K.L.:
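Okay, handing you the structure first.
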Amino acid sequence: MEAIIQIRCSLFARYAELAGCDSITVDVPEGATVEAAVAAVRERMPNGEQLPDRPMVAVNLEHAMPGTKLRQGDELALLPPLAGG
Amino acid sequence: MEAIIQIRCSLFARYAELAGCDSITVDVPEGATVEAAVAAVRERMPNGEQLPDRPMVAVNLEHAMPGTKLRQGDELALLPPLAGG
Amino acid sequence: MTFLGRDPIDIADLAARVSDPGHGGTAIFVGTVRRSPDDGPVVAIDYSGYEEMAESELVQILGQTQERWPGARVALQHRLGRIVVGEASVAVAVSTPHRAQAFEACRYVVEELKKRVPIWKKELMEDGQTRWSDDGDREEAAK
Amino acid sequence: MTFLGRDPIDIADLAARVSDPGHGGTAIFVGTVRRSPDDGPVVAIDYSGYEEMAESELVQILGQTQERWPGARVALQHRLGRIVVGEASVAVAVSTPHRAQAFEACRYVVEELKKRVPIWKKELMEDGQTRWSDDGDREEAAK
């Protein structure tokens, strides 16, 4: 049987405002991709349908690709378009 | 008869040190070029033979070419290689 | 070392932090909250960040800068919280032996920061409305 | 307006002088007297200038900068007299609406200054010797 892991996904700025919260935890199969976890977040999060198709993502404080695989304990984050400076 | 004009030539930095003075006045024919005035300065000024062949020159606070013609009252200056900044 | 803070940015302090007797050129960039003529009456911007990641990205950017311009000294400060029009939100100082590298390295740090560091801006308008600024860099875009 | 002076350069003041609510980017260059590893133990530099002409050239350079980058605000200070290693001899600040122009215009001012403004340096060595520095820009050459 496939192991299930919990992934905590942090939300920032306009995404946090959209969801009305700072983080969402989703259950995904071990080894699921970032893309699959984002799909789970989109489904679970209030107003998740308003997220862009492919939001910018970080895993463990690093920018990550949709194909990156996730393990138990990884920290996911959805990043709205950056606007620093 | 050709009119003679007095041209005061200011010296700076290493040229002032070379000459032991800050300025030299030379007599040149009216309409003489910068080049001719510089030749007169070179001849008159202590250690003038150590000036470069074509020192950088200013006339009336502007960079000037060797062919620029001089009139009474013009302020000539010999500028060592610039090193501002 | 921390690059993020809430206090006003002190440019002279930043310059002093990269001072080096072997370095002749220091380039400094200061980004300031501006009131754009085309975008309505912004009075301030609230800056927020994914702070842990922003610090980590900045450490990387500074490391890459020092790889590319060996010996360069870099100092950087990015302010978070509410910043009113005319005040600095970010400043980067780079010193190198010669000036060309200082300009290039400073520009590099600023461009990388814009590209990679997770910081966001919420604009506060004169009428009390707010707006997320993520359609480009309002207060100082690249073009 | 005067660009030359004997007092230490105040970078924060220079930045404040180009501050503008419509400008988001300020680029600042600071040239510092440096102790070069290859040129012997310089302890200070005596800066002198053809002051009237230097002021006039600087006015022209700033005018040309504003023609090329309309609306740019520029402040500049060049120090004369004895400046010890580690202290600033020149600083240029330029603000523009967007950052790319601020960097370009600041660089332009510095390069033009080096090319055109009649200022000279006499290096003072540790052993008391002096040397005119006109074989290139010791403390921060272009390369």
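Just so it is clear, the structure is predicted and the values come from calculations on it, not from any experiment. So that the names make sense, note that chain A is the first sequence line, chain B the second, and so on, each numbered from 1.
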K.L.:
Please answer whether the main-chain N or O of A:G84 pairs with a side-chain N or O of C:H78 as donor and acceptor at a distance below 3.5 Å.
P.N.:
no

K.L.:
Among A:S10, A:A13, A:A58, which residue forms the greatest number of heavy-atom pairs with chain C at distances under 4.5 Å?
P.N.:
A:A13

K.L.:
So which part of C:R116 gets closer than 4.5 Å to some heavy atom of chain A, the side chain, the backbone, both or neither?
P.N.:
both

K.L.:
Using every non-hydrogen atom in the two residues, find where A:P80 and C:W120 come nearest and quote the distance to one decimal.
P.N.:
O-NE1, 2.8 Å

K.L.:
For atom CD of C:E87, is the number of surrounding heavy atoms from other residues, nucleotides or ligands below 6.0 Å larger than 12?
P.N.:
yes

K.L.:
So, taking the atom named CD1 in C:I119 and the one named CG in A:L79, what distance separates them when rounded to the nearest 0.5 Å?
P.N.:
11.5 Å

K.L.:
For a 4.5 angstrom cut-off between non-hydrogen side-chain atoms, does A:R14 reach C:K122?
P.N.:
no

K.L.:
Can you measure from OH (C:Y50) to CG (A:L82) and round to the nearest 0.5 angstrom?
P.N.:
13.0 Å

K.L.:
Contact part of A:E17 toward chain C, heavy-atom cut-off under 4.5 Å: side chain, backbone, both or neither?
P.N.:
side chain

K.L.:
What parts of residues 28-54 of chain A touch chain C if we use heavy atoms and a cut-off under 4.5 Å?
P.N.:
none

K.L.:
Provide the closest heavy-atom pair for C:M53 versus A:L61 in the form atom of the first, atom of the second, distance.
P.N.:
CG-O, 3.2 Å

